[in-house]
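Report on the following structure.
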2 protein chains.
Amino acid sequence: MEPELSAQMEDYLEAIENLCRDDGVARVRDIARRIEVSTASVVGAIRTLKEKGLADQEPYGYVRLTEAGGRAAASVVHRHEVLQGFLEDVLGLDPEAASEDACRIEHAVSPETLGRLGAMAEFLLGDAHGDLDWPGEFRKFFVSRKRRKKA
Amino acid sequence: MEPELSAQMEDYLEAIENLCRDDGVARVRDIARRIEVSTASVVGAIRTLKEKGLADQEPYGYVRLTEAGGRAAASVVHRHEVLQGFLEDVLGLDPEAASEDACRIEHAVSPETLGRLGAMAEFLLGDAHGDLDWPGEFRKFFVSRKRRKKA
DNA sequence: TCCTGAAGTTAAGTCAACCTAATATTATGA
DNA sequence: TCATAATATTAGGTTGACTTAACTTCAGGA
């Protein structure tokens, strides 16, 4: 059903989805800026997304996702959000770094692992575990561990 | 200093390193089997590793890593081990799945995130946190959460 | 010794993803 | 309205990673 997509195609889908959400529409130019490729590359990518039935575009017009494209994009965005949440809230990375890492890991992580990472965040940040202050405890541990390693 | 390596080149380094460790030597044929590519691909990859000063090989002979190649390989292996440990011992994935995920994520994870994942495993599996039985507690939570979601 | 099969190599081509430069279309403000 | 700037597209080329098929080299047994 859902076709296998390369990391690159997933990036294009994600960019289109996010632009549509933020700006209402997705222009070739803006997609290129987000992904940091040339507009020619975007045009090429859109052609293959069209062939796969994931995107639509009238000549010289805006890019839109099809039903299937929207579903695929939602999957990528979901992976990104779970990962970013985990990296930021559980591991304590700053948002910038968390987003960059999420951008790369989102193409590599399995559904199983993603699900467990999400569950772990829920567990540690919620109140299911008793009275453990996770972010605080871990931060303390992490800092003292660093000191320990340096020695 | 250390040159930027593609995920593929990292895979070749890792395979060579592991074969040397397990079998004492690394043959083209065995590298090909590990990575699941043709021997011709391995020959090509070794040529580029040689050009980068990471591998040595006399014609028709065994493949060995140079000093620099060994360092690069160690970095990959280290990433793999930390990730696999985390996925297996903290998230509770079975070893097979953990290894496969580690193989993909190892090329995407930042040093910062890797360090924190390692610290987290240490924290949760060690005895620094009080009396929380992590694997057990998380497993319970994960199972009941699944049931909750299904409903 | 030599011949034969396994292992390594080379040749030639495919494919995906990118690029630059040139061209086409659209949109805008004077 | 129409020149010009901005945007989209096409043409043509590069690179990395892979393939199959043909070839060399090597090592062991009859």
Side-chain angles (χ1 to χ4, degrees), chain A residues 2-16 19-20 22-65 69 72-73 76 103-104 106-108, chain B residues 2-16 19-20 22-65 69 72-73 76 103-104 106-108:
Chain A
E2 313 292 340
E4 287 295 305
L5 290 172
S6 67
Q8 283 86 342
M9 286 304 127
E10 290 196 336
D11 282 336
Y12 285 106
L13 286 178
E14 193 179 16
I16 294 166
L19 283 167
C20 285
D22 296 350
D23 302 0
V25 300
R27 288 190 219 67
V28 168
R29 194 69 238 266
D30 296 329
I31 299 167
R33 254 197 275 270
R34 285 240 171 170
I35 309 193
E36 297 186 276
V37 296
S38 69
T39 60
S41 297
V42 174
V43 170
I46 291 168
R47 193 167 47 69
T48 93
L49 289 178
K50 279 191 241 173
E51 285 164 8
K52 290 180 190 291
L54 300 173
D56 273 332
Q57 180 202 33
E58 52 240 46
Y60 293 92
Y62 297 138
V63 183
R64 291 166 28 79
L65 296 178
V76 183
C103 268
R104 279 176 285 109
E106 70 193 16
H107 307 298
Chain B
E2 313 293 338
E4 287 295 304
L5 290 172
S6 66
Q8 283 85 343
M9 286 303 126
E10 290 195 336
D11 282 336
Y12 285 106
L13 286 178
E14 193 178 15
I16 295 166
L19 283 166
C20 285
D22 296 352
D23 302 1
V25 301
R27 288 188 219 68
V28 169
R29 195 65 237 259
D30 296 329
I31 300 166
R33 254 195 275 270
R34 284 238 172 172
I35 309 192
E36 298 188 276
V37 296
S38 68
T39 61
S41 297
V42 175
V43 170
I46 291 169
R47 193 167 47 69
T48 93
L49 289 177
K50 279 191 240 173
E51 283 164 10
K52 290 179 189 293
L54 299 173
D56 273 333
Q57 180 203 33
E58 53 238 47
Y60 294 93
Y62 297 138
V63 182
R64 290 166 30 79
L65 295 178
V76 183
C103 267
R104 278 176 285 108
E106 71 193 14
H107 308 298

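Labels below follow one simple rule: chain letters A, B, ... track the order of the sequence lines, proteins then strands, and each chain is numbered from 1.
When the P atom of D:dT7 is taken as reference, atom CD of A:Glu58 falls 18 Å away, rounded to whole Å. Rounded to an integer number of Å, the gap from CD1 of A:Ile35 to P of C:dA16 is 18 Å. For the pair A:Glu10 CD and C:dA16 C1', the computed distance is 15 Å after rounding to whole Å. Going from atom CZ of B:Arg29 over to atom C1' of D:dT24 covers 17 Å, rounded to whole Å. Summarising the geometry, the separation between OH on B:Tyr12 and P on D:dG16 is reported as 14 Å, rounded to the nearest angstrom. Atom-to-atom, CZ of B:Arg27 to C1' of D:dA27 comes out at 13 Å; the value is rounded to the nearest Å. Computed from coordinates, the A:Met9 CE to C:dC15 P distance equals 16 Å when rounded to whole Å. Regarding A:Glu51, its CD atom lies at a distance of 12 Å from the P atom of C:dA17, rounded to whole Å.
Other residues, nucleotides and ligands contribute over 12 non-hydrogen atoms within 6.0 Å of the CD atom of A:Glu51.
Contacts of B:Val28 with the nucleic acid, taken as non-hydrogen atoms under 4.0 Å apart, involve only primed sugar atoms and P, OP1 or OP2. Note on B:Tyr62: nothing from the nucleic acid sits closer than 4.0 angstrom, heavy atoms only.
Summary of the strand contacts: B:Ala26 and A:Glu36 both lie near DNA chain C, and taking for each the nucleotide with the nearest heavy atom, the more 5' one is attributed to B:Ala26. DNA chain C is contacted by both A:Pro59 and B:Val43; B:Val43 maps to the nucleotide lying nearer its 5′ end (nearest heavy atom per residue).
With salt bridges taken as basic N to acidic carboxylate O contacts below 4.0 Å, one links B:Arg34 and B:Asp22.
Note: A:Gln57 CD to A:Ile46 CD1 = 5.0 Å, rounded to the nearest 0.5 Å. Here the straight-line distance linking atom OG of B:Ser41 with atom CD of B:Gln8 works out to 10.5 Å at 0.5 Å rounding. Atom-to-atom distance recorded for B:Leu49:CG and B:Arg47:CZ is 10.5 Å, nearest 0.5 angstrom.
Closest to the side chain of A:Ala40, out of C:dG8, D:dC18, D:dA11, is D:dA11. Side chain of A:Val37, nearest nucleotide from D:dA8, D:dT19, C:dC18: C:dC18. For B:Ser6, counting side-chain heavy atoms from C-beta on, the closest listed nucleotide (D:dA17, D:dA8, C:dT9) is D:dA17.
Distances shown here put every side-chain N or O of A:Gln57 at or beyond 4.0 Å from the OP1 or OP2 atom of D:dA8. Distances shown here put a side-chain N or O of A:Ser41 below 4.0 Å from the OP1 or OP2 atom of C:dC19. Remark: A:Tyr60 is not in phosphate contact with D:dT10, judged by side-chain N or O atoms under 4.0 Å from OP1 or OP2.
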